[in-house]
Chemist: 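Pasting a structure here, questions to come.
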Amino acid sequence: MKNIVILISGGGSNMAAIARTAQRDGWRKAYDAQVAAVISNRPDAKGLALARESLIATEVVDHTAFDSREAFDAELAAVIDRRNPSLVVLAGFMRILTPGFVERYRGRLLNIHPSLLPAFPGLHTHQRALDAGCKVGGATVHQVTSDLDHGPILEQAVVPVLPGDTAETLAARVLTQEHLIYPQTIARLLPTL
Ligand code: GAR
């Protein structure tokens, strides 16, 4: 069985979209794959409840309990590895990962970022796109490398910036596309794993 482990920090809407697609499209039969666990670095992440509703195992590795990134990443990797993962999927996971962690999962570590990379890596992407006068925004699914938000691009979705957009309205428009391209990209990768 190809186990997919999803890491979240917040709302978990991308995680839920992946779990929903896996269920709807029968990834178990089609690819011998399943969402094996959802792990959050925040005990209060709303996405944990969503995962439990979908009967997906959840774990919390609270980053505030560790005094270094290395110690947190070591425990995170131990919890992930118990699930024997074929794919580790960052879905709104808001922690910078150490090079050692990234290397451990090289080639099977994905992220979604709410901009058209390489434009606007980092935080506050939508406000920065609006401030720059961009006519389009979007999202990028990419392989994770130790260069933050710069790994090889696997998929992108583009949305228009509309008159009167705020960071919130643009984020919501981009998010609906994230919910499509992230599951699609994973489904495309699964046969190759
Ligand atoms: C998504 O927009 C995702 O692209 C972004 O956080 C949001 C999480 O939403 N990720 C990053 O900014 C990573 N740098 P969700 O928890 O509802 O999936």
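Both counts, for ligands and for their atoms, begin at 1 and track the order of listing.
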Chemist: Within the structure, is a non-hydrogen atom of Gly12 found at a distance of less than 4.0 Å from ligand 1?
Modeler: yes
Chemist: If you measure only the distance, is there a donor-acceptor pair under 3.5 Å linking the side chains of Thr98 and Arg69?
Modeler: no
Chemist: Which of the numbered atoms in ligand 1 are below 4.0 angstrom from a heavy atom of Glu178?
Modeler: 1 (C), 2 (O), 3 (C), 4 (O)
Chemist: Against ligand 1, does Met94 come closer than 4.0 Å with any heavy atom?
Modeler: yes
Chemist: Tell me which protein heavy atom sits closest to atom 12 (O) of ligand 1, plus the residue, atom name and distance to 0.1 Å.
Modeler: Pro114 CD, 3.4 Å
Chemist: Hey, mind stepping through Thr145 and Asp147 against side-chain hydrogen bond (donor to acceptor under 3.5 Å, both in side chains) and telling me if it holds?
Modeler: CA-CA 5 Å; Thr145 63; Asp147 196 3; 5.5 Å; no
Chemist: Considering non-hydrogen atoms of the protein only, which is the closest contact for atom 6 (O) of ligand 1, and what is the distance?
Modeler: Gly92 CA, 3.8 Å
Chemist: Check for a donor-acceptor pair, side chain of Thr58 on one end and backbone N or O of Val38 on the other, with a separation under 3.5 Å.
Modeler: no
Chemist: What protein heavy atom sits nearest atom 14 (N) of ligand 1, and how far off is it?
Modeler: His113 ND1, 3.4 Å
Chemist: Which residue supplies the protein heavy atom nearest to atom 9 (O) of ligand 1, what is that atom called, and how far is it?
Modeler: Asn14 ND2, 4.1 Å
Chemist: Mind telling me whether Phe72 and Phe66 have parallel, tilted or perpendicular rings, with 30° and 60° as the class edges?
Modeler: perpendicular
Chemist: So is Ile8 touching ligand 1 or not, going by heavy atoms under 4.0 Å?
Modeler: no
Chemist: Under 4.5 Å between side-chain heavy atoms, hopping through other hydrophobics if needed: is there a path connecting Leu110 to Ile6?
Modeler: yes
Chemist: Test of understanding: clusters of I, L, V, M, F, W, Y form through side-chain heavy atoms closer than 4.5 Å, transitively. Do Val141 and Tyr31 belong to the same one?
Modeler: yes
Chemist: Give me the nearest non-hydrogen protein atom to atom 17 (O) of ligand 1 as residue plus atom name, then the distance to 0.1 Å.
Modeler: Ser13 OG, 2.6 Å
Chemist: Below 4.0 angstrom, N of the basic side chain to O of the carboxylate: do Asp165 and Arg173 qualify?
Modeler: yes
Chemist: Any idea which part of Val174 is under 4.0 Å from ligand 1, heavy-atom wise: side chain, backbone, both or neither?
Modeler: neither
